[in-house]
Amino acid sequence: MSRFFTTGSDSESESSLSGEELVTKPVGGNYGKQPLLLSEDEEDTKRVVRSAKDKRFEELTNLIRTIRNAMKIRDVTKCLEEFELLGKAYGKAKSIVDKEGVPRFYIRILADLEDYLNELWEDKEGKQTALASRFLKKAPTTDEDKKAAEKKREDKAKKKHDRKSKRLDEEEEDNEGGEWERVRGGVPLVKEKPKMFAKGTEITHAVVIKKLNEILQARGKKGTDRAAQIELLQLLVQIAAENNLGEGVIVKIKFNIIASLYDYNPNLATYMKPEMWGKCLDCINELMDILFANPNIFVGENILEESENLHNADQPLRVRGCILTLVERMDEEFTKIMQNTDPHSQEYVEHLKDEAQVCAIIERVQRYLEEKGTTEEVCRIYLLRILHTYYKFDYKAHQRQLTPPEGSSKSEQDQAENEGEDSAVLMERLCKYIYAKDRTDRIRTCAILCHIYHHALHSRWYQARDLMLMSHLQDNIQHADPPVQILYNRTMVQLGICAFRQGLTKDAHNALLDIQSSGRAKELLGQGLLLRSLQERNQEQEKVERRRQVPFHLHINLELLECVYLVSAMLLEIPYMAAHESDARRRMISKQFHHQLRVGERQPLLGPPESMREHVVAASKAMKMGDWKTCHSFIINEKMNGKVWDLFPEADKVRTMLVRKIQEESLRTYLFTYSSVYDSISMETLSDMFELDLPTVHSIISKMIINEELMASLDQPTQTVVMHRTEPTAQQNLALQLAEKLGSLVENNERVFDHKQGTYGGYFRDQKDGYRKNEGYMRRGGYRQQQSQTAY
Amino acid sequence: MASRKEGTGSTATSSSSTAGAAGKGKGKGGSGDSAVKQVQIDGLVVLKIIKHYQEEGQGTEVVQGVLLGLVVEDRLEITNCFPFPQHTEDDADFDEVQYQMEMMRSLRHVNIDHLHVGWYQSTYYGSFVTRALLDSQFSYQHAIEESVVLIYDPIKTAQGSLSLKAYRLTPKLMEVCKEKDFSPEALKKANITFEYMFEEVPIVIKNSHLINVLMWELEKKSAVADKHELLSLASSIFTLHFSNHLGKNLQLLMDRVDEMSQDIVKYNTYMRNTSKQQQQKHQYQQRRQQENMQRQSRGEPPLPEEDLSKLFKPPQPPARMDSLLIAGQINTYCQNIKEFTAQNLGKLFMAQALQEYNN
């Protein structure tokens with residue numbers, strides 16, 4: 001080591017390196033250039049004559065020397081650079097090395113480097129002193145490089161180790177110790193850091209801020225002890241408070257404490273620990289206290305570091321930092337915590353209790369920003385507020401509206417809401433503000449969706465629907481980002497469920513169709529990942545998807561969703577099927593419902609229904625026969641109540657609606673299916689059969705007659721329905737269809753003939769043929785003519 | 001026509017069916033110049049085929065088997081048969097040829113006719129005119145000239161009239177199939193239409209005298225009230241089969257008509273493409289000619305001839321075989337429906353007359 005030890009400074013070694021390069025290049029290049037070089041450069045002739053081996057080795061030794069120098073002065077950057085060059089040079093010298101064997105000095109430097117690095121790491125981790133951070137402070141950019149370099153070195157060293165492990169046994173001098181002493185001497189003050197300031201130092205703003213900056217510089221660097229950093233900052237706050245340095249400084253430090261709390265977890269996926277979370281909430285609360293108490297403090301992210309005014313009490317205090325960002329981040333952290341907690345544990349409930357606090361903070365910030373913030377900021381905080389309000393059913397308002405008491409299931413956050421204000425009014429106010437003032441599309445979209453969701457949740461179907469239609473979101477939601485799309489899906493589902501509660505089966509079905517038909521409702525609502533697609537996405541995607549999941553307390557019950565969908569499909573599909581029994585062009589209203597029916601049919605042995613789906617299938621079968629009582633008993637019973645219907649806020653109302661719907665649709669189905677066997681049927685009988693009152697029966701039948709679904713007429717005096725019996729039989733239907741098909745076949749055939757004859761013939765025939773007078777054919781004939789004209 | 005009622009079959013069913021089959025065979029039967037003029041089936045074979053279907057076939061699934069026998073003068077005598085084993089997914093490596101050879105060898109050991117003379121297949125509402133049947137019958141006929149395919153219709157049989165028909169490919173179709181050219185031109189040249197694809201060979205069911213004696217004896221003992229039969233047949237047709245059978249047939253017919261339509265549309269597109277291309281080609285040639293004329297007037301050498309077929313690749317003509325098959329299938333359906341409705345109409349009139357008479 002001492003052999004190569006020369007007191008070369010960085011710049012010197014660098015220059016020597018560049019000189020080295022200049023020399024080696026021509027040699028390393030092709031030999032064809034040598035004569036030219038010779039003639040050109042007289043001085044170098046001596047060098048060129050030397051053997052290739054010497055040249056290479058000298059190159060290597062030179063590099064090694066610089067590395068050793070760098071090691072001594074702990075210049076890791078330099079070390080790395082040189083090491084990379086060394087690796088290259090070694091690669092160049094490969095042929096010689098192969099011939100001569102690996103040079104000893106090369107192995108030695110590798111081993112030394114490894115030891116050196118290990119020591120450096122151990123030293124840092126073991127002692128936990130700020131030495132490393134100090135060291136890092138000196139060379140702030142090396143962090144990443146060092147990591148990479150270390151890996152590289154280790155690889156290399158290992159390779160060499162394997163190759164020449166025997167030789168390496170004779171490991172020699174380790175004068176790192178001596179080196180160590182020297183370096184420590186160069187880094188004073190480190191030990192005292194926890195004490196912050198030397199005794200007797202006068203604590204002034206400047207000192208505190210300097211200290212703060214010093215601490216902050218270590219932020220985000222590898223090896224910085226984040227917990228210690230937070231403690232340091234808190235200590236600093238205390239000192240600042242003790243020394244009465246004014247609110248500005250405290251606010252500034254607090255901002256930084258919260259930021260470092262957020263930084264505590266290096267990974268975006270991991271969530272805050274509960275104690276950190278608690279600290280964070282407290283801290284924000286304190287910060288808000290200060291801000292409220294001192295209206296002369298201005299906070300803003302656009303205030304530059306230079307223009308900050310932390311202590312000059314004459315002017316308003318200006319502090320850089322954004323309270324809104326902090327709160328948004330807090331909200332994110334809260335979501336993350338909820339996502340990562342097992343939703344069925346007590347822990348989740350505990351965490352959920354924090355939601356009240358979160359809401360309170362958001363409310364405070366909202367109040368603060370309403371006074372001081374810009375409209376944009378107000379919009380953002382409003383959105384945050386909306387996002388914490390829209391999914392909660394407002395029981396108080398509900399009770400105020402109707403007197404009947406309600407079984408509450410999820411009203412634990414009620415106290416967080418405005419006592420006096422209905423959430424509906426609140427939503428209205430916040431959303432309207434956003435609609436009017438927001439300039440970013442995203443916030444408005446979210447606000448609209450939340451607003452619709454809230455309306456739907458509280459059974460204000462028409463408002464919700466109108467808002468949805470007015471927003472035109474259905475047209476362009478596919479361009480939105482996934483979280484907004486998830487929100488949209490949630491809203492649509494809620495809208496559908498709302499329609500169902502109102503007895504609007506068709507609307508309910510339409511709203512739920514998109515979500516349900518894909519079979520990926522879980523994924524679309526952000527309530528879980530599908531196992532099926534696990535192999536299709538890599539880990540990275542999965543992480544991203546995991547982050548999008550909606551926390552459990554916001555979930556929409558999937559079974560309820562499916563049941564609502566299936567029941568509304570049943571109410572639509574069964575009468576439709578009965579009406580179009582023999583229609584070849586009959587299309588399915590709901591594929592999923594048909595799928596369930598088929599699954600039910602495939603069962604070899606049909607026991608009493610167990611699951612929700614089986615219940616619906618069994619009910620559908622009963623309904624097909626017009627047996628509404630059985631259908632009713634399948635849809636509404638203990639099991640289904642427990643599984644589905646009791647989940648609605650107004651369960652009884654929904655059940656009554658459902659019974660009535662079943663009666664009506666069963667009546668329709670009955671009439672469709674069995675009208676062919678009746679000559680006439682008394683409406684009174686029908687009203688007895690389906691337990692509907694006479695006017696209802698009358699209106700249903702009238703509607704069917706008007707829509708030409710039922711070929712019958714009403715005989716008023718006797719209150720009977722007289723069937724016309726003009727419906728074609730199955731055979732007749734088939735024959736009609738066949739005739740139609742044959743018609744098109746002939747049509748097609750003639751087109752072929754036209755080709756052979758040319759258009760002229762076709763045109764001629766068109767005029768002549770008698771059967772073409774038929775209107776349908778005429779129309780098609782016209783079309784054909786046009787087409788043939790364009791074809792030629 | 002050659003439908004001798006050799007077998008005084010156990011019921012009227014077999015005799016009626018042979019008559020029906022023979023009646024249709026009349027039109028085309030003679031046209032073939034093949035040595036075989038009629039097919040004589042042993043009663044045993046008929047029963048075995050029926051049994052095979054009863055045991056293994058259900059719904060649209062078809063059963064198939066091998067016919068054994070030999071040619072005597074101008075008759076093909078089918079004296080025995082054995083079924084192909086049903087395919088299951090789990091024994092995909094089952095060697096069918098091996099099985100057949102094995103089977104035939106075993107039959108030979110017990111002194112049964114072991115010559116391969118064709119195959120049989122059950123059908124679902126007469127839907128047997130398919131590509132698969134054509135292909136396999138072609139390979140049979142290619143290997144064994146006299147082979148036929150027996151089509152057994154279990155549904156008709158269940159109604160009370162045994163339906164068993166023997167078909168073979170016409171020599172014309174054989175030629176076309178050999179060349180494997182199903183383009184419109186080739187078919188036109190071969191002058192093949194759907195009527196001349198398959199020819200029906202008249203069938204005779206023959207039993208040994210011993211069996212005939214047994215039949216006679218059984219007939220005496222059986223207490224079938226033959227008066228009843230007409231009415232019950234009529235009623236069964238009206239209640240059970242009228243809606244079902246006719247409807248099914250219509251449905252199937254409609255499906256085929258749809259296919260036919262699609263086929264024609266395809267052909268139409270082809271025609272349009274060709275004519276368009278022809279036009280382009282023509283234009284190109286004209287332009288070329290004009291240019292050459294100009295060049296000539298300027299004294300330059302004419303442009304070299306180019307391969308026009310390379311410039312204008314003619315569109316791939318659609319294979320017409322499928323549409324022929326569909327047409328054939330439609331034909332069978334129509335025959336079925338016609339037959340069925342004719343019978344029923346007759347019965348209706350008869351019932352009406354009876355009623356009037358009673359009144």
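Quick note on labels: first sequence line is chain A, next is B, and so on, each numbered from 1.
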Check: Can you tell me how far CZ of A/Arg751 sits from CZ of B/Arg272, rounded to the nearest 0.5 angstrom?
Finding: 7.5 Å

Checklist line | Atom NZ of B/Lys172: over 12 foreign heavy atoms under 6.0 Å | finding: yes

Notebook entry, point to check: Within a radius of less than 6.0 Å around CD of B/Gln277, do more than 12 heavy atoms belonging to other residues, nucleotides or ligands occur?
Noted result: yes

Item checked: Residues, nucleotides or ligands: over 12 heavy atoms within 6.0 Å of A/Met625 CE -> no

Margin query: Measuring from atom CG of B/Asp255 to atom NZ of A/Lys741, what distance do you get when rounded to the nearest 0.5 angstrom?
Written below: 6.5 Å

Notebook entry, point to check: Atom NZ of B/Lys248 and atom CG of A/Leu734: how far apart are they, to the nearest 0.5 Å?
Noted result: 10.5 Å

Check: Got a second to check how far B/Met260's CE is from A/Leu742's CG, nearest 0.5 Å?
Finding: 10.5 Å

Next item on the list: To the nearest 0.5 Å, tell me how far A/Leu738 CG sits from B/Gln251 CD.
Entry: 10.5 Å

Notebook entry, point to check: Considering all heavy atoms of both residues, which atom of B/Leu250 and which atom of A/Ala735 are nearest to each other, and what is their separation?
Noted result: CD1-N, 4.4 Å

Next item on the list: Working to the nearest 0.5 Å, report the span between CD1 of B/Ile264 and CG of A/Leu745.
Entry: 4.5 Å

